[in-house]
Visitor: 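Before I ask anything, here is the structure I am working with.
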Amino acid sequence: MGRDFAVNTGGSAEAPQIDPAVYDMRFDGTTDTTMTGGQWQKNPDGDPKIEWHFTLLDDDGAVLYDRGEPIQLSKVTGTSFNFDSRTTPGGLKMLKALHTPLEWASYEADHSVFPEEEQLVGRTVQGEVFVKENGWPAIGNVIGPRVRRTSRA
């Protein structure tokens, strides 16, 4: 017999009702924020973070709505963009997803300056969306845009 798995969406009535999956997402910009508490907290006034904002898109590139509102999610990363770090910082992963392969190769080669954020706003990436125990959707991994494929004869 197969087992039924259900996602707990009972945490909040206002949470967007979406299925966990990989979605196309439009980048809407960032905001600076701080986080207090948590196991890795170093600064009692809150550690600086970057909040990356996205709008979910359907398979045709149109905005996804829930109860008449666009489904907008964000992901928080640290402020490090250090290529020499033992593990790749989350902010660096986000920038890689938002840049074209040519832009990224140029940056890797000489660590040149990234384009301004305004040039990145509106770009599409793919994001893994999951539903937390409290019922709210969240973004996991973010990678570059979906590669369009056609079948070969």
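We count residues from 1, following the sequence as given. Just the heavy atoms: all of them, side chains too, but no hydrogens, waters or symmetry mates, feed the values below.
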Visitor: Quick one: pull up CG in L95 and CH2 in W104 and give me the separation to the nearest 0.5 Å.
Guide: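 If we round to the nearest 0.5 Å, L95:CG and W104:CH2 are 6.0 Å apart.
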Visitor: Pick from L98, T88, T77: which one makes a side chain to side chain contact (heavy atoms under 4.5 Å, CB included) with K93?
Guide: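 Result: among L98, T88, T77, T88 is the only option passing the side chain to side chain contact (heavy atoms under 4.5 Å, CB included) with K93.
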Visitor: Check whether any side-chain heavy atom of Y107 sits under 4.5 Å from a side-chain heavy atom of K96, and report yes or no.
Guide: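 When only atoms from C-beta onward are counted, K96 and Y107 do not touch, as no gap falls below 4.5 Å.
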Visitor: Do R67 and Q17 touch side chain to side chain, with heavy atoms closer than 4.5 Å?
Guide: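 They are in contact (side-chain heavy atoms under 4.5 Å apart), so the answer is yes.
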Visitor: Sequence neighbours excluded, which residues qualify as side-chain hydrogen bond (donor to acceptor under 3.5 Å, both in side chains) partners of S74?
Guide: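 Expected list: E51.
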Visitor: Does V63 belong to the same Ile/Leu/Val/Met/Phe/Trp/Tyr cluster as V142, with side-chain heavy atoms less than 4.5 Å apart forming each link?
Guide: no
Visitor: Might you work through the side chain to side chain contact (heavy atoms under 4.5 Å, CB included) test for I143 and V125, ending with a clear yes or no?
Guide: CA-CA 6 Å; I143 60 173; V125 296; over 6 Å; no
Visitor: Does any N or O in the side chain of D60 come within less than 3.5 Å of the main-chain N or O of A62, such that one atom is a donor and the other an acceptor?
Guide: no
Visitor: Rounded to the nearest 0.5 Å, what's the gap from CG on D66 to CD on E14? Could you check?
Guide: 11.0 Å
Visitor: Could you pull out all residues at least two apart from N141 that satisfy side-chain hydrogen bond (donor to acceptor under 3.5 Å, both in side chains)?
Guide: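 Scan of N141 (side-chain hydrogen bond (donor to acceptor under 3.5 Å, both in side chains), adjacent residues dropped) gives E128.
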Visitor: Considering non-hydrogen atoms only, spot the tightest contact between A97 and P145 and give its length.
Guide: O-CD, 4.0 Å
Visitor: If I compare all heavy atoms of W52 with all of T30, which pair ends up nearest, and what's the gap?
Guide: CE3-CG2, 3.5 Å
Visitor: Answer yes if V121 and M25 sit in the same cluster of Ile, Leu, Val, Met, Phe, Trp and Tyr residues linked by side chain heavy atoms under 4.5 Å apart, and no otherwise.
Guide: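 Yes: a chain of side-chain contacts under 4.5 Å links V121 to M25.
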Visitor: Could you go through Y23 and I139, starting from their C-alpha distance and side-chain angles, then the distance that decides it, and tell me whether this counts as side chain to side chain contact (heavy atoms under 4.5 Å, CB included)?
Guide: CA-CA 10 Å; Y23 289 86; I139 299 172; over 6 Å; no
Visitor: Which heavy atom in I18 sits nearest to a heavy atom in P137, and how many Å separate them?
Guide: CD1-CB, 3.7 Å
Visitor: For side chain to side chain donor-acceptor pair (under 3.5 Å), just list the numbers for T31 and H53, CA-CA rounded to whole Å, side-chain angles, deciding distance to a tenth of an Å, and then say yes or no.
Guide: CA-CA 8 Å; T31 53; H53 304 283; 2.9 Å; yes
Visitor: Can you name the closest pair of heavy atoms from G29 and E117 and give their distance?
Guide: CA-OE2, 3.2 Å
Visitor: Do D28 and T55 pair up side chain to side chain, a donor and an acceptor below 3.5 Å, judged on atom types alone?
Guide: yes
Visitor: R146 and T124: side chain to side chain contact (heavy atoms under 4.5 Å, CB included), yes or no, with the steps?
Guide: CA-CA 8 Å; R146 184 172 15 153; T124 300; over 6 Å; no
Visitor: Main chain of G140, side chain of K75: is a donor-acceptor contact present, judged purely on distance under 3.5 Å?
Guide: yes
Visitor: Mind listing the closest non-hydrogen atom pair of F130 and P20 along with its distance?
Guide: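 In this case the closest contact between F130 and P20 is CA-CB, 4.2 Å.
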Visitor: If you take all heavy atoms of I50 and G78, which pair is closest and at what distance?
Guide: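 Minimum heavy-atom contact is CD1-O, 3.9 Å.
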Visitor: Check this for me: does any side-chain nitrogen of one of E103 and R123 sit under 4.0 Å from a carboxylate oxygen of the other?
Guide: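 So E103 pairs with R123 through a salt bridge.
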Visitor: Would you kindly confirm whether L57 and F27 end up in one hydrophobic cluster when ILVMFWY residues are joined by side chain heavy atoms under 4.5 Å apart?
Guide: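 No, L57 and F27 fall in different hydrophobic clusters.
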